[in-house]
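Notes to accompany the following structure.
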Amino acid sequence: MADSSSKSKEQQSTRVYHPYQDLNVPIQKLYNLPTAPEHLFPEEAARTHRSWGDNLQYYTGAGYLSGAVVGAARGTLQGLREAESGDSLKLRLNRVLNSGGHAGRGLGNSLGVLGLIFAGLETGMIHFRGADDFVNSAVAGLGTGALYRAAAGPRSAAIAGAIGGIAAAAAVAGKQALKRYVPI
């Protein structure tokens, strides 16, 4: 019985821990995070476009990731189609995984290189022209297609350049149309 009376005295002398008691800020306003981007230096806030490093990481990473996902899906379907009826489950699974990994690596690397070339050419055009508009993207797409297929000959490079320029211009036009007509 002596223990129960001593516990009640201890409970009366202690208080519940409250981590925000010494702060003179209402709890509701404590975790209001800023909605605008935060910059370390004021020069970063004045920029109108991404830096060359940001472009390089964005286009190369997005190209590799999308290529790897699409290639892995294609390779997996191909591995499922090529599975033979006499194969065991372990052998079929191995074939599917190998096929998906092989196709994913190949397409991911190809699209990553395309993103790398595009980022370099677009950043060079922005620096050379001193303007950041859709012409830079179209010319970068044209140059990317031409450089990527240059080893296959001039005709193939010209066709790939035209396709790359049209694709880049269409992507920029689509992005501008989405910004204008789709409220986000």
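Numbers here simply count residues along the sequence, with the first being 1. Quick caveat, the model's predicted, so the values are computed rather than measured.
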ILVMFWY network linking Val135 to Leu142, side-chain heavy atoms under 4.5 angstrom
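No, no single cluster joins them.
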Hydrophobic clustering (ILVMFWY, side-chain heavy atoms < 4.5 Å, transitive) - are Trp52 and Met125 grouped together?
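Met125 does not cluster with Trp52.
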To the nearest 0.5 angstrom, please state how far the CZ atom of Arg81 sits from the OG1 atom of Thr76.
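Separation between the atoms: 10.5 Å.
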Measuring from atom CG of Asn55 to atom OG1 of Thr60, what distance do you get when rounded to the nearest 0.5 angstrom?
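These two atoms lie 9.5 Å from each other.
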Residues 113-122, side-chain donor-acceptor partners within the protein, below 3.5 Å, at least two apart:
unit_1	atom_1	unit_2	atom_2	d
Glu122	OE1	Tyr59	OH	3.2
Glu122	OE2	Ser137	OG	2.8

Do you know which two heavy atoms are closest between [X] and [Y], and how far apart they sit?
X      : Y      : answer
Ala168 : Ala138 : CB-CA, 4.2 Å
Gly71  : Ala103 : O-CB, 3.2 Å
Arg149 : Ala160 : CG-CB, 3.3 Å

Any sub-3.5 Å donor-acceptor pair from [X]'s side-chain atoms to [Y]'s backbone N or O?
X      : Y      : result
Ser156 : Ala152 : no
Asp87  : Ala83  : no
Ser99  : Arg95  : no

Does Arg129 have any salt bridge (Lys or Arg N to Asp or Glu O under 4.0 Å) partners at least two apart in sequence or in another chain, and if so, which?
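With neighbours one apart ignored, the set is Asp133.
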Result of checking Leu107, Leu65, Leu111 against Val70 for side chain to side chain contact (heavy atoms under 4.5 Å, CB included)
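Considering Leu107, Leu65, Leu111, a side chain to side chain contact (heavy atoms under 4.5 Å, CB included) with Val70 is found only for Leu107.
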Contacts of Tyr64 that satisfy side chain to side chain donor-acceptor pair (under 3.5 Å) - sequence neighbours left out:
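Side chain to side chain donor-acceptor pair (under 3.5 Å) list for Tyr64, sorted by chain: empty.
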